[in-house]
Amino acid sequence: MNFKQLETYYWAAKLGSFCSAAQRLNATQSTVSMRIIELERDLGVELFDRSQRTARPTAKGRELMAYAEQAMRLSVEIQQTIGAEDAATGILRIGVVEMISVTWLPALMKLIHERFPSITVELDEALTHNLIERLNQGSLDLILIPGRVPGYSTTPVPLGYVDFAWVASPSLGVPDSVLTPKLMQEYPIIALSRESYHYTSIEDWFRSGDAYCRRVDTCKSFGVAASLAAAGLGLTLLPPRCHQDTIDAGRLKILETDPAVPRVEFTATTAIGSIQPVARKIARLAAAVSNFSDVPPAKSGRREKRSSLPAS
């Protein structure tokens, strides 16, 4: 029995399939199968119920899981306590939303490779709900998302706040007066998919005025939403900082609303049970690199410039 076998067993049991474990470990599925078979032979017990389509542990397999997790955590502790920071190796899987991809993600990637030259980063851009699900499953080590993951199983690091505003094409004929949810429900709405934080924010805003969206067309990116809105196909909620050229060109105009759209907090979130030793360090680097506003909702003031990066 060796550590590679325990590590392979841990991921196969946690992710529910040999295929997912192979992807996580950057190995072939045949290698994963071989390690599991060797571990079962060394221990003299079956660890998985092979009558099931998923990798479901047997009673002995569930018992082993606790030991395998202890071994993984001890490995992480050794790396963090004894190993040099720039000697960290392995694959770091980061989930990001579009808002971060189009702003300061390249700066974060550059810093990661400077600090951890032997770390390979795999990026997964998706909607918030999907990223949270993958973090909880263990297929992602770190997610950069709007809002905070509910519950006590994660550790969020604040990344700052982003202003959002309702926008529309002048051709849509939306009045220049202050608009309420009741008035705006008469117009078609463009939102990101139902799995997004964006969709939930829009629903919450309308509910705050005892109104509802009568027609919602969905897409998967702010870029598409902005294009559809600029074509006069509906109202949408966008971060003006990312679409200033379109606003300056007069293809979109910012609408004045009551209530105002609250600022959105973004966080770098890791699972408390994460066994990737650098995930929390990268979360702190993300906080240092982020150029989102430090000013929380209901407050004003200019963002203070970050003068230094954290040591670890």
Side-chain angles (χ1 to χ4, degrees), residues 7 10-11 14-15 20-27 72 75-76 79-80 83 85-149 151 153-162 192-193 195-198 220-223 239 242 264-292 306 309-310 312:
E7 180 185 37
Y10 173 86
W11 285 115
K14 185 173 181 66
L15 299 178
S20 297
Q23 293 174 353
R24 173 75 202 198
L25 297 168
N26 199 27
M72 298 287 285
S75 173
V76 169
Q79 291 182 49
Q80 292 178 332
E85 184 176 89
D86 59 5
T89 61
I91 298 174
L92 178 73
R93 291 172 172 82
I94 304 177
V96 297
V97 291
E98 180 189 3
M99 181 66 205
I100 290 173
S101 295
V102 300
T103 50
W104 46 265
L105 181 61
L108 175 61
M109 289 292 293
K110 181 180 179 182
L111 187 57
I112 290 173
H113 290 310
E114 288 174 354
R115 291 285 184 89
F116 307 99
S118 297
I119 287 287
T120 299
V121 176
E122 290 187 0
L123 293 173
D124 182 0
E125 184 179 276
L127 299 174
T128 304
H129 175 80
N130 297 330
L131 294 179
I132 293 173
E133 191 174 69
R134 292 169 200 169
L135 179 71
N136 290 333
Q137 289 172 346
S139 56
L140 290 175
D141 303 302
L142 168 68
I143 56 175
L144 310 177
I145 60 169
R148 294 179 176 240
V149 180
S153 61
T154 58
T155 303
V157 175
L159 297 176
Y161 299 84
V162 175
L192 300 193
S193 301
E195 296 81 10
S196 69
Y197 187 93
H198 186 254
K220 290 190 175 180
S221 77
F222 285 133
C242 295
V264 176
E265 182 187 28
F266 282 72
T267 58
T269 302
T270 57
I272 289 178
S274 173
I275 58 168
Q276 171 50 263
V278 300
R280 291 184 181 87
K281 293 181 180 180
I282 301 304
R284 293 195 292 272
L285 288 185
V289 168
S290 171
N291 58 15
F292 295 163
R306 301 177 192 269
L309 298 178
S312 62

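What you are looking at is a predicted structure, and each value in this text was computed from that prediction instead of being measured.
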Practice problem: Give the intermediate values and the outcome of side chain to side chain contact (heavy atoms under 4.5 Å, CB included) for residues Tyr197 and Ile145. | Solution: CA-CA 9 Å; Tyr197 187 93; Ile145 60 169; over 6 Å; no
Quiz prompt | Atom of Ala287, atom of Pro158 and distance for their closest heavy-atom approach | solution = CB-O, 3.6 Å
Exercise. With side chain to side chain contact (heavy atoms under 4.5 Å, CB included) as the test, would you mind laying out the steps for Ile94 and Leu140 before giving the verdict?
Key: CA-CA 6 Å; Ile94 304 177; Leu140 290 175; over 6 Å; no
Quiz item: Taking the side chain as C-beta and beyond, is there a heavy-atom pair between Glu7 and Leu25 under 4.5 Å?
Solution: yes
Quiz item: Once you round to the nearest 0.5 Å, how far does OG of Ser75 lie from OH of Tyr10?
Solution: 12.0 Å
Quiz item: Is there side-chain contact between Tyr161 and Val264, with at least one heavy-atom pair below 4.5 Å?
Solution: no
Self-check item: Side chain proximity check, Ile112 to Val121, heavy atoms < 4.5 angstrom
Solution: yes
Practice problem: Using atom types as modelled and distance alone, determine if a side-chain donor or acceptor of Glu98 lies under 3.5 Å from a backbone N or O of Phe222. | Solution: yes
With a cut-off of 3.5 Å and sequence neighbours excluded, list every side-chain donor-acceptor pair involving residues 124-132.
residue, atom, partner, partner atom, Å
Asp124, OD1, Arg134, NH1, 3.0
Asp124, OD2, Arg134, NH1, 2.6
Glu125, OE1, Ser101, OG, 2.5

Self-check item: side chain to side chain contact (heavy atoms under 4.5 Å, CB included) between Thr270 and Thr154, worked out
Solution: CA-CA 6 Å; Thr270 57; Thr154 58; over 6 Å; no
Quiz item: Rounded to the nearest 0.5 Å, how far does CG of Leu144 lie from CG of Leu159?
Solution: 6.0 Å
For residues 102-111, please give each side-chain donor-acceptor pair under 3.5 Å, one per line with the distance, not counting sequence neighbours.
residue, atom, partner, partner atom, Å
Thr103, OG1, Met99, O, 2.7
Thr103, OG1, Ile100, O, 3.3

Quiz item: Can you tell me how far NZ of Lys220 sits from OG of Ser196, rounded to the nearest 0.5 angstrom?
Solution: 11.0 Å
Exercise. First locate atom OG1 of Thr120, then atom CG of Asn26, and finally report the distance between them rounded to the nearest 0.5 Å.
Key: 8.0 Å
Practice problem: Would you indicate whether the side-chain heavy atoms of Phe116 and Ile282 approach each other to under 4.5 Å? | Solution: yes
Quiz item: Given the rule in the salt bridge (charged side-chain N to carboxylate O under 4.0 Å, His left out) test, do Asp141 and Arg24 qualify, once you have shown the distances and angles that lead to the verdict?
Solution: CA-CA 11 Å; Asp141 303 302; Arg24 173 75 202 198; 2.5 Å; yes
Exercise. Please answer whether the main-chain N or O of Gly147 pairs with a side-chain N or O of Thr267 as donor and acceptor at a distance below 3.5 Å.
Key: yes
Exercise. Decide yes or no for Thr269 and Arg148: does some side-chain heavy atom of the first lie under 4.5 Å from some side-chain heavy atom of the second?
Key: no
Self-check item: Non-hydrogen atoms of Leu15 and Ser20 that approach each other most closely
Solution: CD1-O, 3.5 Å
